[in-house]
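In what follows, chains are A, B, ... by sequence order, proteins preceding strands, each numbered from 1.
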Amino acid sequence: MSTYRFCVSVMPKPGILDPQGRALEGSLPHLGVDSVHEVRVGRRVELSVDGASEGAARAVVERLADELFANPLIESWSVEAMARPALEAAR
Amino acid sequence: MSTYRFCVSVMPKPGILDPQGRALEGSLPHLGVDSVHEVRVGRRVELSVDGASEGAARAVVERLADELFANPLIESWSVEAMARPALEAAR
Amino acid sequence: MKVGVVVFPGSNCDRDAIHAARLAGAQAEPLWHEDPDLHGADAVILPGGFAYGDYLRAGALARFSPIMGSVREHAERGGLVLGICNGFQVLAEAGLVPGALLRNASLRFEHRWVRLTVTRRDTAFTSAIPPDVTLLMPVAHGEGCYTSPDDKLDALEARGGVLFRYVGPEGNPNGSARDVAGVLSERENVCGLMPHPERASERLLGSDDGLLLLRSLVTSAGQRLAAA
Amino acid sequence: MTVAERPPRPAVAEVMHTPLHRALGLTDHELGVIGGRLGRAPNDLELAMFSVMWSEHCSYKSSRPLLRTLPTSGPGLVAGVGENAGVVSIGDGLAVAFKLESHNHPSAVEPFQGAATGVGGILRDIFTMGARPIAVLDALKFGDPSSARTRRLVSGVVRGVGGYGNCVGVPTVGGELAFHPSYEENPLVNVMAVGLLEERDLTRAAAPGPGNLVVLYGSATGRDGIGGASVLASATFGDADPQKRPTVQVGDPFAGKLLIEASLELIERGLLEGLQDLGAAGITCAVSETADRAGTGIRLELDAVPRRETGMAAFEVMISESQERMLAIVRPDRIDAVVEVCRRWGLPVAVIGRVTDDGDVTVAGADGVELARVPASALTSDAIVYEREGRPPARSRRAPAPGAPELAHDGLPERGMDPGAVLVSLLGDPNLASRAWVTGRYDETVGSDTVCGGAHGAAVVRIKGTAKALVMATDSNPRVGALDPYLGAVSAVAECTRNVVITGARPLGVTDCLNFGDPERAEAFWQLTEAVRGIADACRALGLAVTGGNVSLYNESAYGAIVPTTQIGVVGLLDDIGRLVHPVFRAGSDVVALLGESTPGLGGSIYADHAGAVPDDRPPGIDLARESALQALLLDATRSGLLRSAQDVGGGGLCVALAECCLWGGIGADLQVTVGTAPAVELFGESPSRVVVSVAPTAWDALRSLAAGSGIPLRRLGLIGGDRLRIRLVGEGATGAAEERGAGVADEVDMPLDVLRRAWESGLPRAIGEAG
Ligand SMILES: Nc1ncnc2c1ncn2[C@@H]1O[C@H](COP(=O)(O)OP(=O)(O)O)[C@@H](O)[C@H]1O
Ligand SMILES: [Mg+2]
């Protein structure tokens with residue numbers, strides 16, 4: 001049994017309105033920035049999973065991403081293994 | 001002049017309260033999952049930047065991450081170049 | 001005595017703040033966020049609402065509005081600034097008051113009437129509040145959980161920078177550290193609080209305790225004006 | 001309307017081999033009629049435009065003949081049915097705009113966004129009239145509160161309503177929350193909005209003046225909400241990538257707030273000739289309706305429409321339901337000023353066409369190529385209408401079954417039920433318990449005008465600068481509607497107006513939202529017909545006009561149709577806020593009394609759910625003349641300052657009403673109620689036209705003579721005081737009678753307020769699993 005750390009990226013699906021990204025982009029001129037475009041804002045979830053193998057742990061994460069972290073109607077997700085626990089536990 | 005796409009990850013600093021991560025973790029037993037711990041929830045911002053070089057473009061992103069995307073009191077950030085514009089234009 | 005109420009895109013208590021500031025005896029006018037001119041305002045209110053939709057983090061985008069440079073200069077000159085709810089979040093993001101406001105511990109938007117104790121009466125924001133009075137006001141926010149590292153909180157308390165605290169059975173609505181509801185800047189001329197004094201400025205609406213706070217502000221600004 | 005409330009459409013794969021019009025939801029007959037209207041066959045783009053405009057949601061093709069039977073004119077009405085919202089004048093140059101609207105189907109699919117865009121949509125209807133939205137009320141219906149589905153829906157919908165309303169800064173001051181198994185798969189999200197305007201700012205949704213510019217401002221147009229029509233893409237363009245065609249609209253309350261401010265500024269400065277919000281059927285609906293209302297035409301330059309995405313097909317632009325957009329009609333010499341205002345508020349703005357005099361909606365593509373030309377009237381006022389057939393169900397509960405004995409008793413003593421225990425369980429019923437868990441998610445004080453919010457009774461919002469206040473309520477009676485859709489509608493109108501009247505306010509008008517099943521089924525259509533007849537009868541009896549409303553049909557799932565649900569909204573005017581009467585008990589030794597009397601029947605009551613009352617029981621009937629007299633009496637009594645409090649007797653009956661008066665006032669009462677052979681009818685029955693009042697002892701005689709003069713029964717119940725609610729039962733159905741039957745149960749309610757409060761406060765969170 002080992003512990004694996006993953007991060008899940010949850011982003012608004014292409015074509016779905018992203019009000020946050022839009023408002024952010026709209027405020028950039030106030031910072032004197034005009035070279036930035038196509039801003040999209042999503043969520044990032046980092047988590048540690050105990051499992052017999054990385055594959056088994058990843059399967060748990062994928063299930064959670066699909067059922068819990070993302071709203072499949074408007075968001076898409078992807079999972080990445082992280083090198084090591086990036087952050088110390090902080091409950 | 002080229003366009004580069006980056007993603008910025010913004011996570012709550014260690015030790016800073018992360019009520020979202022806690023709530024997510026708390027809801028896992030209902031899903032029959034008990035192998036997951038140290039859940040942290042943050043933000044992910046994807047953006048395209050026009051610049052003379054990737055370095056120049058990244059500098060803009062780092063400035064934005066530092067001044068805007070993250071609040072240094074409570075959050076830390078990191079920047080990654082993305083292989084290609086992951087999403088089509090969506091303004 | 002002139003109060004300027006900043007209107008950011010997404011502010012939604014600007015009209016309430018103007019109305020209440022007038023009840024408190026001030027001349028009150030809106031200030032447009034893209035116009036850096038304060039138009040002679042003796043005190044500035046950053047009102048509640050959802051500036052830029054509160055997207056990213058509450059207050060994060062608004063603090064870059066052109067007017068914020070002038071608000072900062074006004075504060076650096078010792079001018080009075082009051083940030084209410086979203087206005088508090090903008091002040092915190094801009095570093096004009098210490099700390100940060102996280103999502104409510106409940107992860108929900110909370111609207112309720114709360115009671116505040118006032119730790120000091122010797123400030124520009126509390127001078128008209130009678131001793132031993134607690135203030136009844138509504139809160140209405142999703143990100144009002146006041147946070148700061150412990151050592152900074154200690155320092156803040158030590159210098160009397162915690163001006164309002166949640167008390168009583170209504171309790172702390174958002175999980176704020178040490179029940180902090182409102183804080184003062186180091187120079188004590190900038191104040192941010194989550195509850196809404198402007199909505200508690202008429203008995204008809206449930207309380208006029210908030211008017212005491214606004215009257216303090218108006219009186220203090222008037223005195224500073226006379227002294228100048 | 002906000003986005004289409006529509007029945008599910010066939011999946012793309014299924015329709016690849018069906019004729020295009022059928023895939024778009026049009027029948028062969030309808031295709032023929034379209035050909036007749038055009039004098040030729042429609043092309044694909046035109047077909048798409050017809051398919052969205054001739055949907056039930058836009059055309060009211062099933063309900064239009066029924067709606068014509070409603071009383072729609074009344075004193076002070078300055079805009080009524082046919083406009084985006086009803087508008088009634090309230091003096092001082094002011095007027096109030098209000099309307100109810102549904103967002104049921106989108107909320108079932110994605111509760112958060114569905115509810116949020118529902119609020120956004122009804123707010124647009126209000127400010128389109130030139131009114132500043134000042135209040136929102138949300139009427140929500142869900143299935144079993146303990147099911148996982150319901151919990152997910154409740155949480156999403158409540159977050160959605162709050163997420164939008166809180167952000168735009170319009171207080172959510174009231175509403176309704178009900179649970180009934182028939183809503184399990186098909187929740188109802190009805191939202192009412194109220195706005196205030198200077199009468200001179202009243203704006204019409206019309207496109208007058210050929211030569212005027214057609215201006216689109218607000219959010220850019222994306223592929224939102226065109227899922228149903230995406231068959232067009234597969235049929236025409238061979239591209240059915242579902243990823244590209246999101247059916248879920250995402251609301252942007254921030255953009256919504258900017259839209260409100262920009263629109264009101266444009267109107268106040270007199271820069272607009274007409275204004276129309278964009279909702280279902282998007283640009284197609286907005287241009288055809290505005291042109292048709294003015295008897296003009298509109299020529300659109302499609303490429304001028306600002307887009308959020310690239311590669312959008314013409315039909316996608318024409319029927320997109322992207323949120324937060326408005327269509328304005330502008331004189332050419334004012335366009336610069338209009339553009340300046342929109343820019344200042346950070347909103348994209350574009351001239352997308354011109355008003356013409358030919359009566360057609362013309363869509364021009366690149367280089368002026370004509371892509372579509374359809375008479376505006378063919379899409380709107382002259383859309384197809386059906387005279388559907390209605391048939392009552394074989395077994396209606398309206399009348400007692402032949403030979404059944406009149407109900408003589410109700411099972412309360414027989415079952416050994418202690419009325420105090422029944423009261424506690426009713427107060428904790430999720431249909432009756434405190435709504436604080438919901439209302440605490442809503443900003444109800446923003447605007448600094450809320451005198452009474454959603455905690456109890458009707459909402460009261462004062463009007464700054466005057467002594468006036470608006471009183472608003474929304475009600476429905478689906479349990480009764482399930483047994484008798486006519487009575488369900490009548491009693492909803494009666495209850496809603498009564499809730500407004502007991503504050504001392506005079507009702508200004510009625511808005512309604514009709515939530516029903518598939519009108520192509522004879523029984524569902526009969527229910528709809530009965531409900532409309534009920535609204536019409538009740539409004540006529542009470543002297544009120546229907547000022548506008550909404551129809552949501554096809555509320556069905558695999559488990560059947562929802563119970564017929566007539567949602568009613570009423571706004572009233574209180575001339576002097578100083579005379580506002582609250583529902584709560586105020587002062588010790590005030591006299592408590594009941595106006596009106598209870599009539600038999602426990603059918604449709606919450607008590608019946610708890611006690612499993614006699615299965616075939618009817619709901620109590622309503623006498624509209626009596627109701628009208630009661631309301632007149634209440635207005636008299638409040639005008640002369642007689643009443644210290646007034647509370648409607650509604651769900652849970654008299655005992656629950658009395659408990660609420662005590663709980664909300666924080667003071668007990670010592671009372672006595674005479675019960676006949678059916679004590680539960682008296683204590684927990686929900687017969688209408690009853691009000692609990694309290695008066696100062698010195699005012700008792702005056703109230704008695706007022707009541708006597710109006711023929712309304714008045715019964716003295718006892719006195720306010722203490723920290724318990726004590727209700728002693730006397731009369732035929734009391735002690736002796738119960739003991740004879742060997743039950744030996746308590747003949748009184750005697751409960752500390754604390755116990756009642758705990759039950760009432762914990763009921764909802766517990767039911768939906770949010771306790772603690
Ligand atoms: N049940 C109803 N009772 C009264 N009026 C109704 C009802 N349903 C719809 N209406 C009226 O029909 C018109 C069209 O309604 P709708 O298409 O929902 O308008 P909108 O697009 O402005 O929301 C409106 O004036 C509305 O008030
Ligand atoms: Mg409309």
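- In terms of heavy-atom pairs under 4.5 angstrom with chain B, the leader among Leu28(A), Val10(A), Leu31(A), Asp18(A) is Leu31(A).
- Residues of residues 56-69 of chain B that come closer than 4.5 Å to chain A, counting heavy atoms only, are Val60(B), Arg63(B), Leu64(B), Glu67(B), Leu68(B), Phe69(B), ordered by residue number.
- The candidate from Val8(B), Val41(B), Val36(B) with the greatest count of non-hydrogen atom pairs under 4.5 Å with chain A is Val36(B).
- Chain B forms more heavy-atom pairs under 4.5 Å with one residue of Gly26(A), Gly21(A), Ser35(A) than with any other, namely Ser35(A).
- Looking at Val33(A), only its side chain comes within 4.5 Å of chain B, counting heavy atoms on both sides.
- Atom CD of Glu80(A) has 12 or fewer neighbouring heavy atoms from other residues, nucleotides or ligands inside a 6.0 Å radius.
- At least one side-chain heavy atom of His37(B) sits less than 4.5 Å from a side-chain heavy atom of Thr3(A).
- Using modelled atom types, no side-chain atom of Arg44(A) and backbone atom of Arg40(B) make a donor-acceptor pair closer than 3.5 Å.
- Scored by the salt bridge (charged side-chain N to carboxylate O under 4.0 Å, His left out) test, Glu75(A) finds Arg43(A) as partners (sequence neighbours excluded).
- Taking 4.5 Å as the limit, every side-chain heavy atom of Glu25(B) sits out of range of all side-chain heavy atoms of Leu47(A).
- Glu38(A) approaches Arg5(B) most closely through the heavy-atom pair O-NH1, 2.9 Å.
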